[in-house]
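Convention: sequence-line order gives letters A, B, ...; per-chain numbering from 1. Keep in mind that this is a model prediction, so the values were computed, not measured.
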Amino acid sequence: MNLKIYNTLSKEKELFKPLDQKSIKMYVCGPTVYNFAHIGNARPAVVFDMLYRLLKNIYPEVIYVRNITDVDDKINEAARKLNKPISFITKKYTDIYHQDMTSLGVLRPNHEPRVTDNIDQIISMIQRILDNKKAYINDSHVLFDVTSFDEYGKLSNRDKDEMLSGARVEVADYKKYAGDFVLWKPSNKDEPGWNSPWGYGRPGWHIECSSMVETYLGEEIDIHGGGQDLIFPHHENEIAQSCSAHNSKSYARYWVHNGYLNMEGEKMSKSLGNIITVKELLEEYDGEVIRLALLSTHYRKPINFGKSLLEQSKNILNKLYKKLNSESDEALVSEDILIPLLDDLNTPLAISNLSKIKCSKTLKKSANFLGLLNRTSEEWFALNNKSTMSENDIELLIKQRDEARKLKNFAKADEIRDQLDNNHVVLEDVDGKTIWRVKK
RNA sequence: GGCUGAGUGGCAGAGUGGUUAUGCUGCGGUCUGCAAAACCGUUUACGCCGGUUCAAUUCCGACCUCAGCCUCCA
């Protein structure tokens, strides 16, 4: 099986050739845990979960690392407001993140390193960059010297000088060159920090990913993923740091980036007040509905998220669940699912092909591969039971209706149907028997 | 201003140099006491303008619109 994947580095769809056929190394930028995950945070998690599942299906081993950023100025601010240590914030939101992702059918990566557990490795890497004369110390900061790295701008297709002409932000005076970025910055006594050769301080934004890739995967990896917004500066800087620390040319062979998520056609932002958290969505929609919604657009395209997409996704799942009648998992994933996925993760095509599958077993197995149809049909339709009636009451009314029907008292029968319908119970008369289902 | 990406029928969304995507919704039909489910049907779409071509939604060029990035946002 050949996987083709779009590589941001070459701007082309490429045949995926692993460094080692036996063990694939993938790293994805994870969350900064200072708040509830919003639906935009969920997109990369779901997209790369899909890639992880696919790779696991092809290769004997996949080592998937997704970091947790638990040192950050936004975390500091949140902790300060509550007058609690940062660990209070980060622990809480890490747990919530895990719960949310589990609800979306996202598998846990093999490693989820935290920045605070890897400070020594980060300091070591910064020291090596300094030793290689690719960084400098100024005003208690350690800064990466962008002019020392010829390849800078290759990933994001930017020219160093052009970038600066468009810069809108004032350049900090401790920078030799406006494009230089911080590897280590000083902390005040009341701020979180660690002792280092350059004084009490904390890591800059980009270095933690470089360090964790090195620690958990090695100097060169197969796939590095994240949102398109990370291409610049985050991933560009990661490449510069890692290659400078290792004196190497290659860091990640395939750069994979997911597109943006808009809410009802608008950018999701605090100022517009249209940020929706995963937790809020889960109160109204099942995790599978949200997962299907996220996978219904190709991962590189912008996704227009909103109520109509969710409702449509729910309808699709309802129809698919109605087709499920087998409990057995003894089937293979359909080629109609695998082939689109192998072509740059074409999940929309794979999803629409689900409806072509006639065999219930194959449908279940194939949908499970996409992280969908994880329940039985009965479980699915019993979920979110909005009915206030007990099963006994429902059965009793059905019995009364059947008697009325036998007597051709259809007015009475329809009255009972309406009564049940008002309580979200739908009746179906099949083969002389009446079955009921909760309306979804 | 620079860079990147996107623009397909009511909606979502594949794909293709000439032949049906598919799904969801709506509508019509078969079925049904009525429904539901299931099945069948549903006027045919590719931002605009040129060019290449026997033929372009698909290739090339310009343009328009939208979104994003341009130093710490997935």
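Residues forming a side-chain hydrogen bond (donor to acceptor under 3.5 Å, both in side chains) with A:Tyr251 (at least two apart in sequence, or on another chain): A:Glu238. Checked against side-chain hydrogen bond (donor to acceptor under 3.5 Å, both in side chains), A:Lys13 has the following partners two or more places apart in sequence or in another chain: A:Asp343. Residues satisfying the salt bridge (charged side-chain N to carboxylate O under 4.0 Å, His left out) test with A:Lys408, not counting sequence neighbours, are none. Not a single side-chain hydrogen bond (donor to acceptor under 3.5 Å, both in side chains) links A:Ser103 to another residue, sequence neighbours left out. A:Glu403 meets the side-chain hydrogen bond (donor to acceptor under 3.5 Å, both in side chains) test with no other residue; sequence neighbours excluded. Shown here are the side-chain contact (heavy atoms from CB on, under 4.5 Å) partners of A:Arg437, two or more places apart in sequence or in another chain: A:Lys322, A:Phe381, A:Glu428. Remark: A:Pro340 pairs with A:Asn346, A:Leu349, A:Ala350, A:Asn353 by the side-chain contact (heavy atoms from CB on, under 4.5 Å) rule, at least two apart or across chains. Under the side-chain contact (heavy atoms from CB on, under 4.5 Å) criterion, A:Ile276 pairs with A:Met263, A:Glu280, A:Leu281, sequence neighbours left out.
Residues in residues 29-52 of chain A take part in these salt bridge (charged side-chain N to carboxylate O under 4.0 Å, His left out) pairs, two or more places apart or across chains: A:Asp49-A:Arg53, A:Asp49-A:Arg291.
Rounding to whole angstrom units, CG of residue A:Asn258 and C1' of B:rC73 are separated by 13 Å. In this structure, A:Asp229 places its CG atom 9 Å from P of B:rC73, rounding to the nearest Å. The distance from atom CD of A:Gln228 to atom P of B:rG68 is 12 Å, rounded to the nearest whole Å. The NE2-C1' distance, from A:His206 to B:rC73, rounds to 12 Å in whole Å. Protein atom CZ of A:Phe232 is 12 Å distant from nucleotide atom C1' of B:rG2, rounded to whole Å. Counting to the nearest Å, the C1' atom of B:rG26 and the CG atom of A:Asn315 are 12 Å from each other.
At the phosphate of B:rG23, neither OP1 nor OP2 sits under 4.0 Å from any side-chain N or O atom of A:Lys356. Residue A:Asn157 places at least one side-chain N or O under 4.0 Å from the OP1 or OP2 atom of B:rU4.
The side chain of A:Tyr260 approaches B:rA74 more closely than any other nucleotide in the set B:rA74, B:rG23, B:rC70. Picking from B:rG33, B:rC73, B:rA74 the nucleotide with the shortest atom distance to the side chain of A:Pro44 gives B:rA74. Here the nucleotide nearest the side chain of A:Lys74, chosen from B:rG33, B:rC73, B:rA6, is B:rC73. The side chain of A:Gln312 has B:rA12 as its nearest neighbour among B:rG33, B:rA12, B:rC72.
Taking the six-membered ring where the residue is Trp, the centroids of A:Tyr254 and A:Phe16 are separated by under 6.0 Å.
Every stem involving RNA chain B, taken as at least 3 paired positions in a row under the Watson-Crick or G-U wobble test at 3.5 Å, is listed here: B:1-7 with B:64-70, B:10-12 with B:22-24, B:26-30 with B:38-42, B:49-51 with B:59-61.
Rounded to whole Å, the P atom of B:rU16 lies 14 Å from the corresponding atom of B:rC60.
In this structure, A:Ile231 reaches neither bases nor backbone, as no heavy-atom distance under 4.0 Å exists between it and the strands shown. No contact: A:Lys307 has no heavy atom under 4.0 Å from any strand.
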Table of protein N/O atoms under 3.5 Å from nucleotides 14-17 of chain B N/O atoms:
from: B:rA14; atom 1: OP1; to: A:His298; atom 2: N; distance (Å): 3.4
from: B:rA14; atom 1: OP2; to: A:Lys301; atom 2: NZ; distance (Å): 3.2
from: B:rA14; atom 1: O3'; to: A:Asn346; atom 2: ND2; distance (Å): 3.1
from: B:rG15; atom 1: OP1; to: A:Asn346; atom 2: ND2; distance (Å): 3.4

Per-nucleotide protein contact string for nucleotides 34-40 of chain B, where B marks a base within reach and S marks sugar-phosphate only (heavy atoms under 4.0 Å, - for neither): BBBS---
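Test A:Trp198, A:Phe181, A:Trp184, A:Tyr174 against A:His141 for ring-ring contact (aromatic ring centres under 6.0 Å, His included) and you get one pass: A:Tyr174.
At a threshold of 4.0 Å, the pair A:Lys91-A:Asp95 counts as salt-bridged, since one of the basic side-chain nitrogens sits closer than that to a carboxylate oxygen.
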